[in-house]
Engineer: 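Sharing a structure below in structure tokens format, with a few things to ask.
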Amino acid sequence: MSRFHSLSGSTLAAMIRLGKATSEEIVEAHIQRIQEANPVINAVVADRFAAARSEALRADQLTKETPPEKLPPFHGVPCTIKECFAFVGMPNASGIVNRKNVHPERDATAVARLRAAGAIPLGVTNTSEGCMWMESHNYVYGRTNNPYNPKRIVGGSSGGEGAIIAAGGSPFGLGSDIGGSIRMPAFFNGVFGHKASGGLVPGTGQYPYAANEALRYLTTGPLARRAEDLWPLLNILAGPDGEDAGCRPLQLGDPAKVEIGKLTVTVIEGNGANAVSRDMLNALHKAAGALERLGAKIKTAQPAELRYSRDIWTAMLAEAGSPSFSEVIGGGRPIAAWKELGKWTVRRSPHTLPAILLAVLEQAPKKMPERTKRFYEMGLRLREQLSELIGADGLVLYPSYPTVAPPHLVPMLSPFKWVYTAIWNVMEFPMTQVPLGLNDEGLPVGVQVGARHGNDHLTIAAALELEKAYGGWTPPPRFA
């Protein structure tokens with residue numbers, strides 16, 4: 001592994017500013033790693049290597065002409081972007097066949113902000129079809145494989161991001177999350193990921209987009225191989241852009257000022273509906289132990305309503321009135337889901353099976369309005385209950401998923417385990433995914449660290465401490 005492949009974006013930026021390395025050589029090292037890893041994992045689905053090399057040369061020239069303190073925070077540092085974000089010169093299909101020729105005319109807000117901060121995107125990464133399934137697989141780009149074991153999933157929908165960052169091809173990347181699409185890929189690939197507080201980061205320019213209250217459930221945020229990049233990246237991405245109606249100004253704290261010893265940490269071992277494996281419970285208590293050794297007070301809880309996480313998430317999204325998933329993958333017009341299911345059986349549908357089944361299942365809330373309203377109201381009560389349980393100066397530790405990364409296709413046999421991440425979107429709480437090493441099979445384990453709305457600094461402070469305690473990201477042996 002090159003000396004650059006294990007460093008944070010912040011460290012690489014400092015090396016460039018101080019003349020210890022050039023943007024050109026750092027960008028080239030990451031391009032070479034992508035070229036080495038991509039034939040195995042299929043994470044980067046469209047590259048801009050030539051443009052990135054030119055931008056690196058310009059960055060190095062600017063370094064010579066500009067005082068270090070006046071350079072942007074990620075000056076000359078390579079990164080990657082989830083393909084669902086509009087990015088001039090890049091495709092924006094979001095894994096949907098009828099969008100494979102879509103090329104945006106302007107950058108999404110988050111992309112523009114990263115580029116203004118000096119980052120140099122190397123390419124765009126794979127997603128699930130319509131960004132709504134755990135497997136980053138579609139009929140535009142194919143399937144992405146886990147760098148720790150290519151027979152395992154990478155998660156979705158920011159699966160390409162998680163995979164290429166884990167493989168050392170990018171120090172950080174941009175993802176989005178409405179049901180776990182940052183945290184699941186971060187977990188399955190052993191890197192860090194942050195789902196921001198609802199309404200903190202604008203999602204303008206991504207497809208699919210949300211509407212009404214769901215704008216606060218859909219969050220844009222960073223994935224990174226080192227925890228120290230999460231906070232500066234979040235600060236770059238945060239703040240209204242005048243277009244995302246769900247985004248509001250929010251005064252953030254400072255992770256550097258957080259005293260872990262003064263926090264209360266609530267440990268929730270599961271949702272009561274999906275059993276959690278021994279590996280994941282061990283990781284949960286491993287994280288609690290590290291925070292306890294720093295002086296944090298540990299308590300346990302088991303909110304009964306978490307058992308209904310799937311129904312709550314579904315109801316709250318339905319009540320928000322966003323465009324249906326069927327409309328999303330149909331290009332604005334709902335697909336005939338049952339007809340597409342028949343076509344899929346004879347390999348004539350442009351849609352993947354999970355996408356078709358979701359288009360079928362999402363019709364249920366509309367047919368049971370009283371039930372949907374009941375679970376929506378339960379979700380509002382759960383939000384208040386969890387906020388009180390966690391407290392103003394508290395954290396919550398919660399499993400990222402019931403197991404480590406399963407083999408390809410296996411999630412279809414038990415398709416609702418992703419609610420371990422999804423429930424926190426409709427709660428609107430910040431959640432940081434923290435890697436905690438590998439299990440006996442060499443697969444990543446980890447934990448979600450959450451807090452009350454607006455306390456993103458607390459979850460990231462905990463991530464920094466847990467990285468110190470356990471090392472954080474462990475490079476996949478095949479790419480070490």
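When reading the values below, keep in mind they use all heavy atoms of this one structure, side chains included, and skip hydrogens, waters and symmetry mates.
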Engineer: Salt-bridged, Asp107 to Arg115, with N to O below 4.0 Å?
Structural biologist: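 Looking at Asp107 and Arg115, the cut-off is met.
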
Engineer: Between His194 and Asp456, does any side-chain donor sit less than 3.5 Å from a side-chain acceptor?
Structural biologist: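 Short answer, yes.
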
Engineer: Quick one: does His137's side chain get under 4.5 Å of Thr144's, heavy atoms only?
Structural biologist: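 Of all side-chain heavy-atom pairs linking Thr144 with His137, none is under 4.5 Å.
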
Engineer: Just checking, Arg99 and Tyr207: is the charged tip under 6.0 Å from the six-membered ring centre and within 45° of the axis?
Structural biologist: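 So Arg99 does make the cation-pi contact.
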
Engineer: Is the backbone N or O of Val419 less than 3.5 Å from a side-chain atom of Tyr401, with the two atoms forming a donor-acceptor pair by type?
Structural biologist: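 Looks like no, no N/O pair under 3.5 Å.
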
Engineer: Salt bridge check: are Glu340 and Arg348 linked by an N-O gap of less than 4.0 Å?
Structural biologist: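 Salt bridge absent between Glu340 and Arg348.
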
Engineer: State, without any angle test, whether Tyr148 and Glu441 hold a side-chain donor-acceptor pair at a distance under 3.5 Å.
Structural biologist: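 Checked: Tyr148/Glu441 side chains show no N/O donor-acceptor pair below 3.5 Å.
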
Engineer: Could you point out which residue of Leu237, Leu234, Thr220 forms a side chain to side chain contact (heavy atoms under 4.5 Å, CB included) with Leu200?
Structural biologist: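 Per the side chain to side chain contact (heavy atoms under 4.5 Å, CB included) rule, the option paired with Leu200 is Leu234, out of Leu237, Leu234, Thr220.
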
Engineer: How long is the straight-line distance from CG of Leu252 back to CG of Leu250, given to the nearest 0.5 Å?
Structural biologist: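 So the CG of Leu250 and the CG of Leu252 are separated by 5.0 Å.
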
Engineer: I'd like to know if the side chain of Glu129 pairs up with that of His351 as donor and acceptor (distance under 3.5 Å, no hydrogens or angles considered).
Structural biologist: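 Side chains of Glu129 and His351: pair found under 3.5 Å.
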
Engineer: Is any side-chain heavy atom of Ser400 closer than 4.5 Å to a side-chain heavy atom of Met280?
Structural biologist: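 Touching, per the 4.5 Å side-chain cut-off.
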
Engineer: Any idea how Phe375 and Tyr308 line up, ring-wise: parallel (<30°), tilted (30 to 60°), or perpendicular (>60°)?
Structural biologist: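 Judged by the thresholds at 30° and 60°, the geometry between Phe375 and Tyr308 is tilted.
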
Engineer: Less than 4.5 Å apart, side chain to side chain, heavy atoms only: is that true for Arg383 and Phe429?
Structural biologist: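 Touching, per the 4.5 Å side-chain cut-off.
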
Engineer: Name the one of Glu428, Arg452, His453 that satisfies side chain to side chain donor-acceptor pair (under 3.5 Å) with Ser387?
Structural biologist: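 Exactly one candidate clears the test, Arg452.
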
Engineer: Tell me yes or no: between the side chains of Tyr209 and Asp244, is some donor less than 3.5 Å from an acceptor?
Structural biologist: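 Yes, a side-chain donor-acceptor pair sits under 3.5 Å.
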
Engineer: Indicate yes or no: at least one non-hydrogen side-chain atom of Ile268 is less than 4.5 angstrom from one of Leu306.
Structural biologist: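 Side-chain contact under 4.5 Å: yes.
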
Engineer: Quick check: does any side chain N or O of Ser136 sit under 3.5 Å from a backbone N or O of Gly155, one acting as donor and the other as acceptor?
Structural biologist: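 Yes.
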
Engineer: Without swapping roles, check the side chain of Thr219 against the backbone of Asp177 for a donor-acceptor pair under 3.5 Å.
Structural biologist: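 Answer holds: yes.
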
Engineer: Would Glu161 and Thr125 count as having a side-chain donor-acceptor pair, cut-off 3.5 Å?
Structural biologist: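 Checked: Glu161/Thr125 side chains pair up, N/O donor to acceptor below 3.5 Å.
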
Engineer: Do the charged groups of Arg371 and Asp311 touch, with an N to O distance under 4.0 Å?
Structural biologist: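 A salt bridge is present here (some side-chain N lies under 4.0 Å from a carboxylate O).
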
Engineer: Is it true that atom CD of Gln302 has more than 12 heavy atoms of other residues, nucleotides or ligands lying nearer than 6.0 Å?
Structural biologist: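 Count over threshold, so yes.
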
Engineer: Is the backbone N or O of Asn274 less than 3.5 Å from a side-chain atom of Asn271, with the two atoms forming a donor-acceptor pair by type?
Structural biologist: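 It does hold such a pair.
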
Engineer: Any side-chain heavy atom of Lys195 sitting closer than 4.5 Å to one from Asn425?
Structural biologist: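 SC-SC contact between Lys195 and Asn425 confirmed.
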
Engineer: Taking C-beta and beyond as the side chain, do Pro402 and Tyr420 meet within less than 4.5 Å on heavy atoms?
Structural biologist: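 In short, these two side chains touch, coming nearer than 4.5 Å.
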
Engineer: Determine whether a donor-acceptor pair (N or O, by modelled atom type, separation under 3.5 Å) exists between the side chain of Asn189 and the backbone of Ala166.
Structural biologist: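 No, Asn189 side chain to Ala166 backbone: no donor-acceptor pair under 3.5 Å.
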
Engineer: When rounded to the nearest 0.5 angstrom, what is the spacing between CH2 in Trp313 and CD1 in Ile423?
Structural biologist: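 Reported value, rounded in 0.5 Å steps: 10.5 Å.
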
Engineer: Only one of Asn126, Ile329, Ile96, Val45 clears side chain to side chain contact (heavy atoms under 4.5 Å, CB included) with Asn138; which?
Structural biologist: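 Single pass found, and it is Asn126.
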
Engineer: Do Asn146 side-chain atoms and Pro150 backbone N/O form a donor-acceptor pair below 3.5 Å?
Structural biologist: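 No, because the side chain of Asn146 does not come within donor-acceptor range (under 3.5 Å) of the backbone of Pro150.
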
Engineer: Looking at side-chain heavy atoms only, is the closest gap between Leu114 and Leu174 below 4.5 Å?
Structural biologist: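 In contact.
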
Engineer: Examine the side chains of Ser8 and Glu228 and answer whether a donor and an acceptor come within less than 3.5 Å of each other.
Structural biologist: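 Indeed, the side chains of Ser8 and Glu228 share at least one donor-acceptor pair under 3.5 Å.
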
Engineer: Answer whether the closest heavy-atom distance between the side chains of Tyr217 and Leu317 falls below 4.5 Å.
Structural biologist: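 Tyr217 vs Leu317: side chains touch.
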
